[in-house]
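Below is one structure, written out as structure tokens; comments come after it.
Letters A, B, ... mirror the listed sequences (proteins, then strands); counts begin at 1.
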Amino acid sequence: MRKTNLFKGSIHTILLKLLESNDKMYGYEITQKVKEVTRGDLKITEGALYPALHKLEAEGLVDVEVQQVDGRLRKYYKLTEKGQKETVSKLAELEKYLETMQTLLNPKFS
Amino acid sequence: MNKKLTTEQIEDIYLFVTKHVEFYDVQMELVDHMANGIEEQWKENEHVSFEIAFNEEFKKFGVSGFENIQEEKYLFLKKRYHTMIWKEMVGFFKLPQVIATVLMVYLIYLLLGLMEIGTLSLFYTYLVPVVLLFIIAYTLYQYRKYRRSKAKLVFQKILYKDYVAIPLVLFNSLFWRSVSTFEKVGYMSEYMRWITAFLMVVFGLYLFVTFIMIPINASKYLDEMHPGYKQLGKI
């Protein structure tokens with residue numbers, strides 16, 4: 001199964017959720033974290049991750065903080081207030097979707 | 001102790017990234033990403049060469065490499081440019097400026113009434129090279145002033161290309177199209193004179209904002225659009 005395709009539309013929700021539970025994160029850390037949590041089942045590709053992060057940034061859902069680490073600059077992303085609200089509604093949306101899928105896949109005939 | 005990249009190797013990554021991406025905040029995050037990936041590979045096997053580890057890491061960005069990231073960033077940035085220009089335009093309108101603007105519109109309206117259509121196009125024909133020369137001279141001056149700051153040059157380039165040069169070309173073609181219509185009719189109605197005067201003043205104001213006002217505040221906008229601009233100077 002092409003696992004990555006399944007999650008394509010939900011990348012923004014995944015990112016928001018990750019940032020909600022991790023204060024601030026940088027790009028590479030996010031790819032590693034997703035791999036770790038899903039035990040390698042889901043891989044966010046680099047080519048999709050950054051445009052998604054930049055989109056969240058442009059929409060004001062995340063804020064950026066820059067720190068110097070090991071002689072290079074590291075760009076951290078963290079949720080803004082608007083981003084926190086958006087996370088709640090996006091998660092609710094996703095849950096609703098999963099519920100619908102559940103009923104579709106396991107219809108209860110009564 | 002895990003093997004780390006040397007300063008020269010980080011510099012090599014940086015040189016590679018800057019060839020494909022022009023926005024410095026994206027550059028630095030991609031450099032950091034590549035560096036993290038390479039060091040992660042070294043955790044597994046210290047003996048992998050820098051070049052091989054680098055290529056391995058770059059492959060993960062797929063066939064389009066950094067191109068896609070650069071293009072999408074550019075699209076998101078455009079929205080920021082629009083808000084920035086809009087805010088500057090609105091901020092310009094304080095009482096004295098409003099009066100000056102209204103006066104300008106009225107003045108041009110009067111002038112248009114005095115001029116024959118032929119005189120107007122002749123006047124415009126002379127005006128074009130003057131404006132062009134000024135724009136070229138001022139652009140060169142800005143370039144000399146900012147040539148040390150790549151970030152500012154990129155900021156300016158987008159501003160001048162998308163928000164000065166293209167609108168100028170559009171305005172020019174709109175002007176000539178209107179003139180040829182007026183020539184067919186033979187005169188300009190009262191109503192058209194007002195509209196023309198208004199459009200000319202608004203466009204002049206727009207150019208003033210995009211061409212002069214925003215570049216003056218470039219540093220402020222740069223840090224808003226590409227965070228980390230202030231830190232950049234410290235490295």
Side-chain angles (χ1 to χ4, degrees), chain A residues 2-5 7-9 11-12 15-16 18-19 22 24-36 40 42-80 82-83 86, chain B residues 2 4-11 13-14 17 21 23-40 57-83 223-232 234-235:
Chain A
R2 299 273 301 276
K3 285 162 187 157
T4 41
N5 283 357
F7 296 94
K8 216 172 181 179
I11 187 164
H12 297 105
L15 292 177
L16 288 171
L18 275 174
L19 290 169
N22 290 284
K24 59 177 184 185
M25 293 181 96
Y26 55 97
Y28 191 77
E29 191 186 5
I30 293 175
T31 57
Q32 295 305 96
K33 189 87 189 171
V34 173
K35 236 192 269 173
E36 184 196 311
L42 171 64
K43 244 188 85 195
I44 292 188
T45 57
E46 281 75 357
L49 169 73
Y50 286 104
L53 281 171
H54 297 155
K55 183 166 189 258
L56 296 178
E57 189 189 340
E59 285 170 356
L61 300 176
V62 299
D63 221 352
V64 167
E65 203 180 292
V66 178
Q67 271 175 27
Q68 202 181 337
V69 183
D70 288 340
R72 49 190 194 247
L73 288 168
R74 184 159 290 166
K75 197 173 161 195
Y76 283 99
Y77 293 86
K78 59 200 283 187
L79 282 186
T80 59
K82 193 177 160 198
E86 182 72 12
Chain B
N2 293 316
K4 294 263 177 205
L5 286 158
T6 63
T7 321
E8 286 77 36
Q9 286 166 336
I10 293 178
E11 185 65 20
I13 303 175
Y14 178 77
V17 171
V21 178
F23 306 116
Y24 67 85
D25 57 328
V26 183
Q27 285 168 355
M28 75 189 178
E29 82 179 333
L30 291 176
V31 170
D32 185 46
H33 185 103
M34 294 286 289
N36 285 322
I38 294 168
E39 286 176 357
E40 193 65 31
E57 217 45 51
F58 185 59
K59 256 193 236 158
K60 293 184 186 163
F61 283 86
V63 268
S64 65
F66 299 149
E67 224 103 303
N68 185 32
I69 298 174
Q70 157 80 20
E71 268 166 39
E72 299 230 10
K73 180 75 186 179
Y74 182 57
L75 288 181
F76 296 136
L77 270 182
K78 283 196 141 186
K79 283 182 202 150
R80 296 247 179 155
Y81 273 88
H82 298 161
T83 353
D223 208 53
E224 265 175 39
M225 286 193 194
H226 309 277
Y229 179 71
K230 282 177 192 144
Q231 276 109 316
L232 207 66
K234 291 177 197 152
I235 288 218

Bottom line for Glu11(B): the part with an atom under 4.5 Å from chain A's heavy atoms is neither
Exercise for the section: Can you tell which part of Ile13(B) gets under 4.5 Å to a heavy atom of chain A, answering side chain, backbone, both or neither? Expected result: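 Neither the backbone nor the side chain of Ile13(B) comes within 4.5 Å of chain A.
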Checklist entry - Taking atom types as modelled and ignoring hydrogens, do the side chains of Glu39(B) and Tyr28(A) form a donor-acceptor contact shorter than 3.5 angstrom? => result no
- Query: Is it true that the side chains of Glu59(A) and His12(A) contain a donor and an acceptor less than 3.5 Å apart?
  - Reply: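 Absent: no donor and acceptor within the cut-off.
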Checked Ala48(A), Gly47(A), Gly27(A), Pro51(A) vs chain B; the most non-hydrogen pairs under 4.5 Å come from Pro51(A)
*Proximal component of Asp70(A), with respect to chain B [non-hydrogen, under 4.5 Å]*: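 Contact with chain B is through both the backbone and side chain of Asp70(A).
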Heavy-atom pairs under 4.5 Å with chain A: which of [options] has the most?
options: Asp25(B), Asn68(B), Ile10(B), Leu5(B); value: Asp25(B)
options: Ile69(B), Thr7(B), Leu75(B); value: Ile69(B)
options: Arg80(B), Met34(B), Lys79(B), Glu71(B); value: Arg80(B)

Exercise. Relative to the ring of Tyr76(A), is the ring of Tyr26(A) parallel (under 30°), tilted (30 to 60°) or perpendicular (over 60°)?
Worked result: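 Rings of Tyr26(A) and Tyr76(A): perpendicular, over 60°.
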*Would you check if the distance from the ring center of His33(B) to the ring center of Phe61(B) is below 6.0 Å?*
yes
- salt_bridge(Glu29(A), Arg74(A)) N-O dist < 4.0 Å: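 No salt bridge links Glu29(A) with Arg74(A).
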- Any side-chain heavy atom of Leu79(A) sitting closer than 4.5 Å to one from Leu16(A)? yes
